[in-house]
Amino acid sequence: MKNLIKRMRSTRLGFLSLLLILIWLKTLFAYYVDFKLGATGLLQQIILFFNPLGASAALLSLGLYPRRAKVGYWLGGVIYVLLCTLLLTNVLYYREFSDFMTVGTVMSVKNVSSGLGGSFVNMIIWQDLVFGVDILVALAGFLGYGVWNLWRYSHHQPLRWPHFGLRFDARPMPYHVPQAVSAVAVALFGLNMTISELNRPQLLTRTFDRNYIVKYLGLAPFTVYDAFQTVQNNQVRATADSADMDKVLAYTKAHYAKPSQSYFGAAKGKNIIIIHLESFQQFLIGAKIDGQEVTPFLNSLVKEKDTLSFDNFYHEVGLGKTSDAENMLETSTFGLSTGSLFSSLGTDNTFQAAPALLDQYAGYTSAVFHGGNGTFWNRSNTYKSLGYDYFFDGDFYNHEDGTTTEYGIKDKLMFAETSKYLTHLQQPFYAKIITTTNHYPFYIADSDTDFPDAGTADPYINGYFRTAHYLDAALREFFTYLKQSGLEQNSLVMMYGDHYGISNDRNQTLSSVLTASTSDSTGDTAADWTAFDDTNLQRVPLIFHMPGLQGGLNHTYGGEIDVLPTLLHLAGVDTHNFVQFGTDLLAPKHNQVVAFRNHNFVTPQYTVLGSTVYKNGTGAVVTPTAALQKKLAAIQEDVDTKLTLSDTLATKNLLRFYVPSGFTPVNPAKAAFNRSLANMLQVEQKKGKASTSWFSQNQAHPSIGDYQTDAPEVQSNRDVITQFPAKVRNQATSILTN
Ligand code: GP9
Ligand code: MN
C-alpha cells in the first residue's frame, strides 16, 4: 500500500491515476447529491458506481502519450480541469432545469431564458466547492509561487514551483504502456455499454431521457454523443433550401381535405381537454375478464349521444412511442424513422403545433400535465418549442410514498391533483393530461383495484387488464368532477390511446382472452395467428365527448396523424394554410389510408404489410389482380412520399422557412416551466375581474374540495389533492399574498 502511494506520488501514471480517482469521486458526489438519476436495483447501482471510470480513464490516458513528460502532465491536468468544469456546469444547469446541458441548449440561447446566463454564478452553493477545491488550491499555489518567483527572479535566485507532495517524473513512458492503459480503459467502457444495453435496450437509438444516458454511460460520454448528434443534425439542416419546403407545401396543399360543414366550429370557444390514455388499445373497450367489464366507464361513455368515437383508428408510432404519438397529435407530422423526434429535434426545431395554433387563431391558453419526470422524452424542452404556456410535471404533484408507479403519479391522484390546476387556467384552455399507470410493467396494487387477474400465462397481460381498469375508474372520477364543477358544459374532452401496451410477441397469449371477450378480433387463435392479427390490434381509441356534440360510433379509417386537423376544425380553426400530413377524420374527402412508420399501410379494404396483402375482416391473404395491384402500388407510393416528405420537413427543420398567414413563430424563451404555477396565478390576479378562469368565475365555491375519489391515499389525507405540493407551494403563496 505504502509502495502504491509512493508510486502514485512519483510517477506520471500515478499522477494520472490520482486525477482519475478524484474525478471519479467528484462524479459520484454529483450523482448522489445533485442529480436524480433514479438508479433502481443492484445492477443499476453497480453501473452507476463504475460508469465514470472507463471514459475518464480513456481520456486521462492521453496524458501518457507525449514523449516529453512535462507535456504529458499538463495534458492530463487540462483534461482533468475540463472534466471538472463539465461536471460543475451540469450540476448548476441541473439545479435549474433538472436536466443535463446539451450542445443545443447552450448554442440556442432562446431556450435558456431563465436562470442561466448572467446568473449562472449565482446558483453556486457551498457544496459545489467539492468540484473545484483541489483546482483552486493548485491555482492559488501557482499564483503564490509566481509572485514569489518574481521576487526571486529580481534577486537572481533560481525559480521554484509548488509540488503538492508529488514528485515530477521526467522519464518518458515505457514502450506500449500508454496503448495498454487506453485499451483497458476502452474495454471497461465497452463493458459498461454492453451491460447497459442489456439492462435498457436501445438506449442510444431512442434517447428516452438524458437522465438515463448519464445513469448508464456517464456524463462525458453523454456530452460526446450529444455533440456528435448536434453536428449531424446541423449538417442535415444546412443542406436545406426553399425548394424543399415548396415540395412539402405542394403535397400538403394538394392533400388538404375541406372540413365537414356540420362539424366545423362545433366546439368553438370550448375548453379542449386532451386525455392521453397510456398504452391503451381499442380491444380493451367492451372486453370482459371473468364476466367483468374492463372499462365499464368508457363502455357507457361511448354509448352516450354526445360522444363521438372511432373504432378503426390506429396508432402510427415508431421507436419514439409516447413522444411519437404526442408529436403526431400536436403537429400532424410523423415521428422519425428511428429514435424520437422529441428527443433529437424537439429542442431547436421550428414547430407549428396545436398550442400555438389554438392560441394565435382562437385565443386559447395551453397547459400540459404529466405526473412524472419532466425531462422524459425531452418534454421540458420540446413543449416550449410547441408553444405551451405551462408545463406541470412531476414537481407539481404530491409524491408521497406509494403514490407513484414507474412513470409517474397514479392516475386517480393525477386527475384529482390536475383538476386543482385546471381551475386557475384562463378559459378557453387547451389542456393535455398524460396518464402513466397503464404502462408496462402494468403493475397496480390490490389496494388500488380489486379487478380480477386474467389468468393467462403472461403476468404482464394479466396486469394490463387491471391497470386499464384502474385508468377507466380514474376517468370516471374525473368526468364526475367535470360534471359537478360545471366544466363539462363548456369543454370538449378528447381521449386517445397512444400505442400498444401488449407487444406483438405477446399477442398469441393475449388471443385466448380476446376471442373469448372482444368484438374486435377476427376470431383467430394462437394457432392461426398472423401479422394481420397483430396489425388489427394496433387500433387505439379516439373519443370525443362534449354536451351537444353529434355523437355516434364512427367506422372511418384513420390514424394519429389525422387528429390535429380534426380537432382544429371542431374548434373552428381553418387549416388549409398549415403544413399537416393528416386529414380531418370527419371531412367528406378524408384520406382513409393509414400509413405506419415502417411504410406498411391499411385501407378500409386491405392491410398491406410489405408485399403481403390481407383482406380486412377475414384476414385472408389475397393475390391481387392486375388492377388491384396497380391501385395498391399507387397508394404505397403516396405513403412513401408522405413519410419521406415529413422526414425531410423535420430533419431539415423546414418550417423555419414557412410562416402561415396570421401566425407568429413561437418564441420558446417565453416559457419558464418551473414557474408554471406562479405564472398562471399571476395572470389570474392581474386580470382581476376580467379573468376567465373557472376559479375567478366561481369564487363562491370552494375550488377542489368536492373532488370525489376512492384513491386510498386520499381517504386518509385530502391535502394530497387540495394543497399544492411543498416543493411549489411558495409559488402560490408569493402570488396570493401579494
Ligand atoms: C413517460 C411515459 C412513457 O413519461 O410517457 O413513455 P413510453 O414508454 O410509453 O413511450
Ligand atoms: Mn406511451
Side-chain angles (χ1 to χ4, degrees), residues 36-38 40 98-99 199-213 215 274-282 284 314-330 334-336 338-344 346 368-383 386 388 391-397 399 404-411 413-415 418 432-444 460 463-464 467-468 471 474 495-504 506 537-542 559-560 563 597 673:
K36 287 177 293 185
L37 296 174
T40 47
S98 307
D99 200 356
N199 193 255
R200 174 57 85 165
Q202 298 176 306
L203 177 67
L204 287 181
T205 39
R206 297 181 61 189
T207 327
F208 309 90
D209 187 335
R210 283 183 269 276
N211 281 303
Y212 282 28
I213 303 193
K215 173 168 78 179
I274 311 282
I275 304 177
H276 173 108
L277 304 175
E278 180 56 46
S279 305
F280 207 92
Q281 290 172 254
Q282 176 71 15
L284 289 166
Y314 291 76
H315 83 75
E316 297 167 291
V317 308
L319 289 178
K321 300 283 291 286
T322 293
S323 66
D324 280 359
E326 287 191 59
N327 175 64
M328 279 182 277
L329 269 98
E330 301 277 19
F334 290 94
L336 299 175
T338 178
S340 152
L341 189 148
F342 267 32
S343 297
S344 57
V368 53
F369 301 88
H370 170 54
N373 221 336
T375 54
F376 204 93
W377 289 130
N378 196 26
R379 284 185 174 102
S380 44
N381 289 315
T382 308
Y383 287 157
L386 298 183
Y388 269 106
F391 175 22
F392 296 92
D393 68 4
D395 284 348
F396 292 86
Y397 291 84
H399 280 98
T404 62
T405 53
E406 189 151 340
Y407 289 91
I409 188 151
K410 285 191 268 187
D411 294 341
L413 300 167
M414 175 70 198
F415 282 114
T418 298
K432 170 159 81 173
I433 305 170
I434 300 172
T435 64
T436 56
T437 309
N438 189 46
H439 190 291
Y440 185 88
F442 309 115
Y443 173 74
I444 190 82
Y460 300 106
Y464 184 58
T467 47
L471 169 52
M495 286 172 272
Y496 71 96
D498 62 341
H499 50 73
Y500 63 88
I502 304 301
S503 51
N504 283 346
R506 299 179 191 278
L537 290 184
Q538 303 313 314
R539 288 186 178 85
V540 289
L542 176 68
E560 287 167 331
V563 175
R597 191 49 264 194
F673 288 151

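In listed order, ligands and their atoms are each counted from 1. Nothing here was measured: the structure is a model prediction, and the numbers come from that model. Sequential numbering from 1 along the given sequence is applied to the chain's residues.
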- Can you list the ligand 1 atoms lying under 4.0 Å from a non-hydrogen atom of Phe376?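 Counting atoms of ligand 1 from 1, those under 4.0 Å from Phe376 are 1 (C), 4 (O), 6 (O).
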- Task: For ligand 1, indicate whether the residue Tyr440 contacts it via side chain, backbone, both or neither (heavy-atom separation under 4.0 Å).
- Result: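 Answer for Tyr440: neither.
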- Task: Check each of Asp324, Thr322, Leu386 against Phe342 using the side chain to side chain contact (heavy atoms under 4.5 Å, CB included) test, and report the only one that passes.
- Result: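 Between Phe342 and the candidates, side chain to side chain contact (heavy atoms under 4.5 Å, CB included) is satisfied uniquely by Leu386.
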- Compute the angle centred on the Mn ion (ligand 2) spanning OD2 of Asp498 and OG1 of Thr322, and express it rounded to 10 degrees.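 About 90°, to the nearest ten degrees.
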What residue and heavy atom of the protein are closest to [atom], and at what distance?
atom                   : result
atom 8 (O) of ligand 1 : His439 NE2, 2.7 Å
atom 7 (P) of ligand 1 : Thr322 OG1, 3.0 Å
atom 5 (O) of ligand 1 : Arg379 NH2, 2.8 Å

- Query: Would you say the ring centroid of Phe396 lies under 6.0 angstrom from that of Phe391?
  - Reply: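 Phe396 vs Phe391: aromatic centres not under 6.0 Å.
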- Message: Using ring centroids (six-membered ring only for Trp), state whether Phe369 and Phe392 fall under 6.0 Å.
- Response: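 Yes: the rings meet the under 6.0 Å criterion.
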- Message: At less than 2.8 Å, would any N/O/S atom of His439, backbone or side chain, sit next to the Mn ion (ligand 2)?
- Response: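 No, His439 does not qualify, because none of its backbone or side-chain N, O or S atoms lies under 2.8 Å.
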Is the closest N or O pair between [X] and ligand 1 shorter than 3.5 Å?
X      : value
His499 : yes
His370 : yes
Tyr407 : no

